[in-house]
Amino acid sequence: MNHRLYLYTPQLSDLWYRQKILGDPDTMGYNKGYHLDFAGYHNDTGCIDFPKAQWKEWHDWFVGHTPTRFYAYITRKEDNAFIGEVNLHQSRQGDWHDMGIVIEGKHRGKGYAVEALYLLLKEAFEHLSVTAVHNDFEKTRAAAVKAHLAVGFQIQKEENGVVNLCMLKEQYFARQGGGQRQCDIFHE
């Protein structure tokens with residue numbers, strides 16, 4: 001691992017960056033055309049409005065509530081530039097945390113996703129004592145699938161073009177060894 005990155009918990013005044021990436025069609029194109037039903041979503045670009053008037057309420061809800069919720073910017077060490085965001089939040093469906101990762105469009109294809117995922121998993125399992133981390137997205141997002149598998153996520157199921165991936169805490173600590181329990185957070 002190159003250790004080019006670190007996670008930074010943003011201050012309220014830093015949310016200009018979140019506003020920037022949510023409003024960038026190159027970054028948010030993966031959302032395009034999904035007909036998400038909430039105010040501020042733009043179906044034609046995948047972008048999401050994040051006006052300054054919403055920053056404080058969002059920051060107060062998402063930041064500083066570990067282990068229930070964790071949010072950070074992916075930050076490049078060499079120049080302290082923000083290059084994306086990660087988050088964890090307790091699932092309402094079971095004893096796991098759902099996660100998200102967004103790499104700003106202009107920083108994609110540089111290997112940052114794998115390192116950022118490692119950092120997020122380290123936070124989840126070593127600092128927050130999370131039991132499992134889950135993510136799901138379209139199977140057609142091959143680079144995202146590849147990055148998740150590279151850090152040890154397992155594909156739990158594929159359904160309707162969506163891949164569900166997860167990693168258990170014990171898998172994180174034993175990923176170099178064999179014999180760890182398969183991830184089955186949905187208990188199918």
I'd like to know if the side chain of T66 and the backbone of L128 have a donor-acceptor N/O pair within less than 3.5 Å. no

What pairs of residues pass the salt bridge (charged side-chain N to carboxylate O under 4.0 Å, His left out) test when at least one of them lies in residues 24-35, not counting sequence neighbours? none

On the ring face of W55, is R18 found with NZ or CZ under 6.0 Å from the centre and within 45° of the axis? no

List the steps and the verdict of side chain to side chain contact (heavy atoms under 4.5 Å, CB included) for L168 and V133. CA-CA 7 Å; L168 298 172; V133 176; over 6 Å; no

Restricting to ring pair (Phe, Tyr, Trp, His ring centres under 6.0 Å), what partner residues turn up for Y30, sequence neighbours left out? none

Could you please spell out the steps behind the side chain to side chain contact (heavy atoms under 4.5 Å, CB included) verdict for I101 and E85? CA-CA 6 Å; I101 179 171; E85 65 178 14; over 6 Å; no

Test side chain to side chain contact (heavy atoms under 4.5 Å, CB included), reference Y73, set I21, L5, L15, N80, output is L15

Hey, is the main chain of A142 close enough, under 3.5 Å, to the side chain of E138 for a donor-acceptor pair? no

Minimal non-hydrogen separation, T27 against V102, with atom names: CG2-CG1, 3.5 Å

Applying side chain to side chain contact (heavy atoms under 4.5 Å, CB included), name anything that partners H89, two or more places apart in sequence or on another chain. F62, R69, N87, D98

Report yes or no: does R76 contribute a side-chain atom to a donor-acceptor pair with the main-chain N or O of Y6 at less than 3.5 Å? no

What pairs with D60 under side chain to side chain contact (heavy atoms under 4.5 Å, CB included), at least two apart in sequence or on another chain? K56

Between K139 and E158, does any NZ, NE, NH1 or NH2 come within less than 4.0 Å of an OD or OE carboxylate oxygen? yes

Heavy-atom nearest pair, H97 first then V130, reads ND1-CG1, 3.5 Å

My understanding is that only residues two or more places apart in sequence, or in another chain, count here; which of them pass side chain to side chain contact (heavy atoms under 4.5 Å, CB included) with T45? P25, H42, C47

Please list, chain by chain and in numerical order, all residues satisfying side chain to side chain contact (heavy atoms under 4.5 Å, CB included) with L149, sequence neighbours excluded. V145, I155, L165

Suppose we screen for salt bridge (Lys or Arg N to Asp or Glu O under 4.0 Å). Which residues come up paired with K106, at least two apart in sequence or across chains? none

Examine distances only and state if a side-chain atom of R4 and a backbone atom of K77 form a donor-acceptor pair shorter than 3.5 Å. no

Suppose we screen for ring pair (Phe, Tyr, Trp, His ring centres under 6.0 Å). Which residues come up paired with Y112, at least two apart in sequence or across chains? none

Can you see which heavy atom on I48 is nearest to which on Y41, and at what distance? CG1-CD1, 4.2 Å

Would the W16 and F50 ring centres measure less than 6.0 Å apart? no

Residues which pass salt bridge (Lys or Arg N to Asp or Glu O under 4.0 Å) with K110, listed by chain and number, not counting sequence neighbours: none

Pair Y71-W61, ring-ring contact (aromatic ring centres under 6.0 Å, His included): steps then yes or no: CA-CA 10 Å; Y71 178 83; W61 185 84; over 10 Å; no

Please list all pairs meeting salt bridge (charged side-chain N to carboxylate O under 4.0 Å, His left out) that have one or both residues in residues 120-135, counting only residues at least two apart or in different chains. none

Verify, without hydrogens or angle tests, whether H127 (side chain) and P67 (backbone) share a donor-acceptor contact under 3.5 angstrom. no

Which residues pass the ring pair (Phe, Tyr, Trp, His ring centres under 6.0 Å) test with H148, not counting sequence neighbours? F137, F153

When you measure from the side chain of D79 to the backbone N and O of A81, does any donor-acceptor pair fall under 3.5 Å? yes

Which pairs count as salt bridge (charged side-chain N to carboxylate O under 4.0 Å, His left out) when at least one residue sits in residues 34-45, sequence neighbours excluded? none

For K52 and Q19, which heavy atoms make the closest approach, and how far apart are they? N-NE2, 4.0 Å

